[in-house]
Amino acid sequence: MKIIIIGAGPAGVTAVETMRTFDRQTEIIMLTDEPYLPYSPPAMADHFIHGSNLHLWRELDWAEQSGINFRMGVHVSAIEPDSHRIRLDDGEVIYYDQLLIATGARLYAPLAGAELPGIYNFKSLSAAENLVSKVRSGIAKSALVVGAGFIGMEIALLLRELGVEVAQIEMLDQVMAAMLDAETASIALKQMQAHGVDVHLKTKAIEFVGNGSANGVKLESGQVLKADLLIAATGVKPNLDLLNGSGISFERGILVNSKLQTNAPDVFAAGDCVETPDLVTGETFLHAIFPNALEQGRVAGMNMVGYPTEYEGAERMNSLKHLGLPIIAAGEKQGDCVLRERNNNSLRTIYIQENRLAGFQLVGDIRAAGVLHSLMIQKSDVRNIQNRLLDPNFGEGMVAMGAMGVITTFS
Ligand SMILES: Cc1cc2nc3c(=O)[nH]c(=O)nc-3n(C[C@H](O)[C@H](O)[C@H](O)COP(=O)(O)OP(=O)(O)OC[C@H]3O[C@@H](n4cnc5c(N)ncnc54)[C@H](O)[C@@H]3O)c2cc1C
């Protein structure tokens, strides 16, 4: 049997490791268009700040030890499920018995001029190297970050650490709107300002401007902002171009069943490129975070080597490391009952919906995150413990290490 995996991110790597637990014989080919061995994207900021090894997540001889054929710098341009083959950019054709699409996501910048050279991002290691090299070489002393979502915040903080003057614009009225409620976001904003990031909310960029190369960002107000480095952190979008003409169904992401199979025979998909149901709400959408990619890689890997496994659903969770104040947000940010407690620099908020813990946001003091997370994913009835949920010592000694593991193993 021959298995091909497209993409060497966390989803693809975990699929390989899962398969190899059961089967050392099957021929596995892993293809990535990046010129690197597998790395952990969440570890990139630490790598550039502290010089930590990006590949610590996996050893450098990982591919060799796993007994796979690992091919870097190879872009897959098409999938032809009827003939069980893929096509590379240079025309090479490779047959498969089973295929895993783990192509992840890329920067999405819905602004005029976004295709101009001179616009940087932090979505891949190549892009990050390119950006940081401009700072290290002394070419860039100021930066303008468009977008204050999770990745935008990471970039802004990284650049401050590297001594760059940073302005950041966000069209919404708060930072990290996809993940944080307004109160928690206001604390995150103050921290960003304390780090010296000049954040402008309700400031919408409409165009990157420049002659041949971008040299400014035009705002809705007509004003043009300039900086040595212009950075787009406006969102991500699954890498789906290779599906064109394949007949493989996708909407915002690839559509899969509970075994992570696509509608094409012997083709599976996992990670940031798929749409999956939410573990808590059941609603299907893109859940582009690291722990989901790992779990989906594991489930796809199990199914591909003949151990039928159901995917239970994706989580919504994130944490921000370089803010100088720990933040963890998980699940929903609304509910029919809201518990909130503020103490100095700490804010703990818990959202309850129909007596179930639907989500929580912890800033400053993140104790009990593991227990809250367990209650949330187990959909436990919290009526009898509701008055204790805000206590940072709640559930001390309870076995919640599994949940904490998910939160702390991003890098
Ligand atoms: C800066 C940054 C910080 C992050 N921090 C966190 C965090 O703290 N916590 C968290 O949960 N998540 C975080 N994430 C998100 C997390 O990294 C992703 O959810 C995870 O990497 C998704 O894994 P994946 O394997 O699906 O895809 P990816 O990691 O995107 O890997 C997919 C790979 O496939 C390659 N590829 C795509 N198309 C093709 C093709 N046609 N041919 C060949 N190769 C192809 C891509 O180049 C890429 O190398 C962060 C992401 C970034 C960028």
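Numbering of ligands and ligand atoms starts at 1, following listing order.
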Is there a donor-acceptor contact under 3.5 Å linking the side chains of N263 and S249? yes
V217 and side chain to side chain contact (heavy atoms under 4.5 Å, CB included): which single residue from V146, V145, I119 fits? V146
Using a strict 4.0 Å cut-off to heavy atoms of I151, name the atoms of ligand 1 that fall inside it. 52 (C), 53 (C)
Pair Q296, N292: side-chain N/O donor-acceptor within cut-off below 3.5 Å: no
Does any N or O in the side chain of Q168 come within less than 3.5 Å of the main-chain N or O of G152, such that one atom is a donor and the other an acceptor? yes
Decide whether an N or O pair under 3.5 Å exists between Y39 and ligand 1. no
Main-chain N/O of G313 paired with Y311 side-chain donor or acceptor, under 3.5 Å: yes
Could you tell me whether E295 and R298 make a salt bridge, using a distance below 4.0 angstrom between a side-chain N and a carboxylate O? yes
Heavy-atom gap V236 to ligand 1 smaller than 4.0 Å: no
Nearest heavy atom to atom 49 (O) of ligand 1 wins, so pick from R316, E34, M72. E34
For I6, the ligand 1 atoms whose distance to one of its heavy atoms is below 4.0 Å: 40 (C), 42 (N), 43 (C)
Does a side-chain N-to-carboxylate-O contact under 4.0 Å join K259 and E310? yes
Please work out which of G152, P41, P10 has its closest non-hydrogen atom nearest to atom 23 (O) of ligand 1. P10
From CA spacing to verdict: side chain to side chain contact (heavy atoms under 4.5 Å, CB included), L88, R71: CA-CA 12 Å; L88 309 185; R71 293 179 61 183; 3.9 Å; yes
In ligand 1, which numbered atoms sit nearer than 4.0 Å to a non-hydrogen atom of F122? 1 (C), 53 (C)
Nearest option to atom 15 (C) of ligand 1, as decided by whichever heavy atom of S319, P35, A288 sits closest: A288
Which bit of V13 gets closer than 4.0 Å to ligand 1, counting heavy atoms only: side chain, backbone, both or neither? neither
G9 heavy atoms within 4.0 Å reach ligand 1 at atoms 25 (O), 29 (O), 31 (O)
Would you mind listing which atoms of ligand 1 come within a distance below 4.0 Å of any non-hydrogen atom of P291? 11 (O)
Derivation of the side chain to side chain contact (heavy atoms under 4.5 Å, CB included) call for L157 and M192: CA-CA 7 Å; L157 290 167; M192 293 297 281; 3.7 Å; yes
Between the side chains of T184 and D181, is a donor N or O closer than 3.5 angstrom to an acceptor N or O? yes
So the atoms of ligand 1 within less than 4.0 Å of a heavy atom of A293 turn out to be 22 (C), 23 (O)
Answer with side chain, backbone, both or neither: which part of V74 has a heavy atom less than 4.0 angstrom from an atom of ligand 1? backbone
Donor-acceptor contact present, side-chain K379 to main-chain L279, <3.5 Å: yes
Examine the proximity of ligand 1 to D241 and report which part, side chain or backbone, both or neither, has a heavy atom under 4.0 Å away. neither
Looking at R348 and D365, is there a salt bridge between them, counting it only when a charged N and a carboxylate O are closer than 4.0 Å? yes
Mode of A11 contact toward ligand 1 - side chain, backbone, both, neither (heavy atoms, under 4.0 Å): both
Would you say Y36 contacts ligand 1, with heavy atoms under 4.0 Å as the rule? no
So between D272, I79, T103, V274, whose heavy atom ends up nearest atom 26 (O) of ligand 1? D272
Should S124 be listed as contacting ligand 1, given a heavy-atom distance under 4.0 Å as the test? no
So if I count the atoms of ligand 1 from 1 in the order they appear, which ones are less than 4.0 Å from some heavy atom of G271? 26 (O)
Among C273, A105, P42, which one puts a heavy atom closest to atom 3 (C) of ligand 1? P42
